[in-house]
Amino acid sequence: MKYNPHEIEVKWQKFWEENNYFHCDEKSDKPKYYCLEMFPYPSGKIHMGHVRNYSIADVLAHFKRMQGYNVLHPIGWDAFGLPAENAAVQNGTHPAEWTYSNIADMRRQLKRLGFSYDWQRELATCDPEYYRWEQLFLIKFLEKGLLYRKNAFQNWCPNCHTVLANEQVEEGLCWRCESVVEQKELTQWFLRITDYADELLEDLDKLEGKWPERVITMQRNWIGKSVGAEIRFAIKDGAGVITVFTTRQDTIFGATFMSLAAAHPLLDELVSGTENEAELRSFITTILNAEKRAYNAENTEKRGMFTGRYCINPFTGALMPIWIADFVLSGYGTGAVMGVPAHDRRDFEFAQKYSLPIRVVIRPDETGGTDDAEAPAPEDLSAAYTDAGIMVNSGDFSGLHSEEGKLRIVEYLEKEGLGKRTVNRRLRDWNVSRQRYWGAPIPVVYCEHCGMVPEKEENLPVRLPLDVLTRPDGRSPLPDDPGFYRCACPRCGGEAGRETDTLDTFVESSWYFARYTDPRNSAEAFDKDKLAYWMPVDQYIGGVEHAILHLLYARFFVKALRDCGFIPETRVPDEPFADLLTQGMVLKDGRKMSKSKGNTVDPSEMTDKYGADTVRLFCLFAAPPERDFDWTESGIEGAFRFINRIWRLAIELAGKIPVVDACSSGPEEALLPAARALRRKEHAVVKKTGEDIAVRFQFNTAIASVMELVNLMYQVKDELVENGGGKKILGSALFTVLTLLFPFTPHICEELRLRLGSPLPLAERRRPVYSESALSLDMITIVVQVNGKLRGKIEIPAGEDAGTVKAAALAEAGVRKHIGGLAVKKVVYVPGKLVNVVAG
RNA sequence: GGCCGGGUGGCGAAAUGGUAUACGCAUCGCACUCAAAAUGCGACGUUCUUACGGACAUGAGAGUUCGAAUCUCUCCCCGGCUACCA
């Protein structure tokens, strides 16, 4: 009887599906467990990264079921997005057709891998029954001011013909097509994520220890909170005031010039009427149109131009020339920076290039003394001194440490009305407008009489028309489709036009986990009781590439839905993902698998060759889940060999061993030494796999320990199968192997369970429970060291007292030899483990 | 430049203060076979030694400790994220 994975895998997949094993609902007295993987984009093919991700999740889902949990393990499709439009243009299909046909293909592939999803909850975000609720959320957001429209310079990808969120610009390039992103002035829809910056930051503390540290850090850095001051500088010969943001108000006495971003609102007024106005305006245009590229602080030449105007340093009274500088960002702070060349790297560079005055106002702490004369002369400075230190040349503030000085300066600013303490964040509002077709329509219309009006709730969903053709140039067909945009004003009934921008697909993925709790509800987005029952997601699993994009948006969305009354605040936690596991990549030949490099491995081909169980097992055995691992043909061969080894063992023992439960044999059967050893190993492996999976997600070591058990069974089977008690222990151990491996390789385990004559499906079983007494030993081995080096081993009865053990250790032959003529100074005994003899 | 990981056999990796290299891969040997494959069993860090046995090994160097891959410090290398954020 040869192992035939294909036959048995199809058989058991059908069995589980027909008997509805993995369907769940909230009417259960078991504790709930929500296990979720980041849902796939339906590109058409499952890749190894998916297989790894879903195998990890599936082990946890099965494991928790076997621990007695009511497990929700859903799957769906992140179905809107650009690739569908590109493919539609290339292949002459419609994005919807392409998407749904891919979903069908990928569904088949996932089913073939035997993942234990509740398929009755499957959803696709391009379904109007899904996005209609999102449109409802947006109408509410609009009402609450969380959704708004503004005109601003935006990241524009010329290749994708759409704007991009800041999170979607990577080193100045489009995250999708890697085109250079331009800055374009447009009116766009934004979600006010910045209102939640503090909560998003503070709640990261709740995730400490549950989420990977680096993801938490990345989110903290992205939100980028910095505490400092706003300082107002009066413009000379003008009415205006320039406000700057700084975290280094202690260096204010060193501010010798002012630098403004090219997009600064006061700039227009400042340059008009100046001598070289034309030149200035052309310089401003140049900077505004400059590519938003990756800057390197070390080697990027800064550019600037003097406006001819001055402002006044409120502390020194000095005149500060106002410059336009390309390194000042318009979107951060106030778009104006006070130039302190002595204590800021960029200001120093800028001052050197344009010969601006340098004034030293901080000296290193350790030089001692309180005199201003201790400060280095500006001409001696080869670089900016950017650390904290002692304030010098700073009037009444001289002698203060930077930290103290910052507080005192703020007090002074507030007292004199020159500024205030303030907090700044890097995070900006989330631009959700996309000038693309294949996305959810934004439910807003523009009426000549009423202006911008939200669509009525009863008119939802605003359906994306499916009878339009995508344009080869990539532009959205919606603005040219009167059937879509012409509509009646929801307020006055007059003629109106719909918004033709669609939503960023990250909006859909920001709440799909909530919809899974009640995916067929046609009256509301989700029933509050069902939501409250299942949320939060107990374990979320996915790639680290979503550390800031999706994982930040989803956190924000849950909080926003809470504040709009969709999520019951008291019953659903503010954080949607209680625990996060970020799995590593699957590499081939040390590099990321990619079509362009031609180093992909197709999961379907591997399943054809070895079967789903082997593919799953290898993905989990090759490395711990967080680490990258290299796909090797010999590695998967090894996994296949192990599965065959279990198959042969079970087939050989079928009929020769009794049908018993896992971990069912007692000490009365363990009379032979080999039987005792096997029983002990069996229980030890149950213990270890439980800890490895639940506590540390170490699937590789869990599998390794089951391999050890199988190896031991091979060693002792011929002896034990001849013996009554031995038979029972062999049977118990074999069912333990099958039960423990069921979450990893469910098909073969279920098949062998049946062939061994055991009627209850593994899918209905609990994990075996080990007994402490089975783990105990009569005689234990104690390692003996002399001066920390292994010199011998002694066998002693368990529980022997320290004095006896030490004496036995000192008497051991190898130990005596190494002590030789040396005096024994000390003997350390670690109970049950080792003795270290210190001699010298 | 900043932050976060990581560096252990020929390879993927175990070991989180107590026997370094579990488990698997590769390689070699033995059995089975006419033979090969498959399978089963065994060997497998480096080095010295006929052997018994010893010495040396977790990126480098120091420290703490009876004892360090593990903790501390300094340095080197690799990877990731982020970046003119005031």
Side-chain angles (χ1 to χ4, degrees), chain A residues 2 170-172 212-218 220-222 224-226 228 244-249 251 255 259 261 294-302 325-329 331-340 343-347 349-350 386 424-427 544-545 547-548 584-585 618 621-624 626-639 641-642 644-645 648 688 698 700-708 710-711 714-715 781-793 814 817-818 825-830 832-840:
Chain A
K2 211 171 156 250
E170 295 169 352
E171 301 196 341
E213 193 54 47
R214 63 171 171 157
V215 174
I216 293 178
T217 308
M218 279 160 75
R220 281 208 180 104
N221 292 343
W222 190 263
K225 179 176 176 174
S226 41
V244 304
F245 170 73
T246 180
T247 54
R248 289 301 302 274
Q249 60 272 26
T251 64
S259 40
Y295 286 99
N296 186 318
E298 299 302 302
N299 58 25
T300 306
E301 177 92 12
K302 295 175 182 14
D326 70 344
F327 68 90
V328 180
L329 305 173
Y332 184 76
T334 58
V337 177
M338 64 179 200
V340 185
H343 306 293
D344 182 275
R345 190 173 32 79
R346 293 149 304 182
D347 297 348
E349 256 176 71
F350 197 76
T386 56
N424 218 323
R425 289 169 201 88
R426 225 187 69 118
L427 185 72
V544 75
E545 65 272 18
I548 21 199
M585 287 185 297
F618 178 57
F621 180 63
E626 304 235 47
R627 209 176 301 185
D628 292 348
F629 87 85
D630 211 64
W631 182 275
T632 60
E633 192 72 20
S634 57
I636 191 163
E637 287 280 354
R641 241 182 319 224
F642 173 60
N644 272 284
R645 206 165 141 83
R648 282 190 303 272
K688 175 152 174 64
Q698 296 228 359
N700 56 330
T701 52
I703 295 165
S705 70
V706 178
M707 285 173 169
E708 287 181 47
V710 171
N711 290 347
Y714 264 88
Q715 278 173 34
T781 304
I782 298 287
V783 170
V784 188
Q785 298 177 329
V786 178
N787 292 331
K789 288 194 173 153
L790 176 66
R791 296 303 182 190
K793 291 177 184 179
K817 193 174 118 196
H818 282 276
K825 289 180 177 165
K826 190 175 171 185
V827 180
V828 181
Y829 177 47
V830 182
K833 284 211 163 148
L834 66 64
V835 173
N836 188 18
V837 179
V838 186

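Residue numbers start from 1 in every chain, and the chains themselves are labelled A, B, ... in the order their sequence lines are given, proteins ahead of strands.
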Base-pairing mate for B/A69 - Watson-Crick or G-U, with both contacts under 3.5 Å: none
Close N/O contacts between protein and nucleotides 21-24 of chain B (under 3.5 Å):
from, atom 1, to, atom 2, distance (Å)
B/A22, O2', A/E708, OE2, 3.1
B/G24, OP1, A/N711, ND2, 3.2

Could you check which of B/G80, B/A55, B/G18 has an atom nearest any side-chain atom of A/R214? B/G80
Give one of base, sugar-phosphate or nothing for A/V544, where a contact means two heavy atoms less than 4.0 Å apart. nothing
For B/A38, the Watson-Crick or wobble partner whose two distances fall under 3.5 Å: none
Across all strands, who's sitting opposite B/A83 as a Watson-Crick or G-U wobble pair, both distances under 3.5 Å? none
May I ask you to verify if any side-chain N or O of A/Q698 is less than 4.0 angstrom from the OP1 or OP2 atom of B/A15? yes
On RNA chain B, does the nearest nucleotide to A/V830 precede the nearest nucleotide to A/L329 from the 5' side, or the other way round? Give the residue. A/V830
Without decimals, in angstroms, what is the distance between A/R791 CZ and B/G67 P? 15 Å
Let me know the distance between CZ of A/F629 and C1' of B/A13, rounded to the nearest Å. 13 Å
Would you call B/G9 syn or anti, using the 90° rule around 0? syn
Specify the separation, in whole Å, of atom CZ of A/F245 and atom C1' of B/C85. 9 Å
Quick check: any donor-acceptor pair below 3.5 Å linking the side-chain of A/K302 to the base of B/C84? yes
By the 4.0 Å heavy-atom rule, please label A/D628 as base, sugar-phosphate, or nothing. sugar-phosphate
According to a strict under-4.0 Å criterion, is A/H343 in side-chain N/O contact with OP1 or OP2 of B/A86? no
Does A/K789 make a side-chain N or O approach to OP1 or OP2 of B/C56 shorter than 4.0 Å? yes
In Watson-Crick or G-U wobble terms, with both distances under 3.5 Å, the base opposite B/C11 is B/G24
Which of the following nucleotides, B/C84, B/A13, B/U19, is nearest to the side chain of A/L790? B/U19
Proximity to the side chain of A/W222 - top-ranked nucleotide from B/U19, B/U82, B/G18: B/U82
For the side chain of A/K817, counting heavy atoms from C-beta on, which of B/G54, B/C66, B/A13 is nearest? B/G54
Measure from CG on A/D630 to C1' on B/C11 and round the result to the nearest Å. 10 Å
From C-beta outward on A/V783, which listed nucleotide comes closest to its side chain: B/A86, B/C81, B/U19? B/U19
How many Å lie between CD on A/Q785 and P on B/G17, as a whole number? 16 Å
Scan every strand shown for a Watson-Crick or G-U wobble partner of B/A60, both distances under 3.5 Å, and answer none if you come up empty. B/U74
Ignoring hydrogens and geometry, is there a side-chain-to-backbone donor-acceptor pair from A/S259 to A/V337 under 3.5 Å? yes
So which nucleotide from B/U82, B/C85, B/A13 ends up closest to the side chain of A/I548? B/U82
Between the side chain of A/D628 and the main-chain N/O of A/M585, is any donor-acceptor distance below 3.5 Å? yes
Against the side chain of A/N221, the closest entry in B/G18, B/C3, B/A15 is B/C3
Can you see whether A/N711 engages A/R645 through a side-chain donor-acceptor pair at a distance of less than 3.5 angstrom? yes
With a cut-off of less than 4.0 Å, is there a side-chain N or O of A/Y714 near OP1 or OP2 of B/C41? no
Tell me whether the OP1 or OP2 atom of B/C85 has a side-chain N or O from A/R346 closer than 4.0 Å. yes
Give the rounded distance in Å between these two atoms: CD of A/E626 and C1' of B/C4. 13 Å
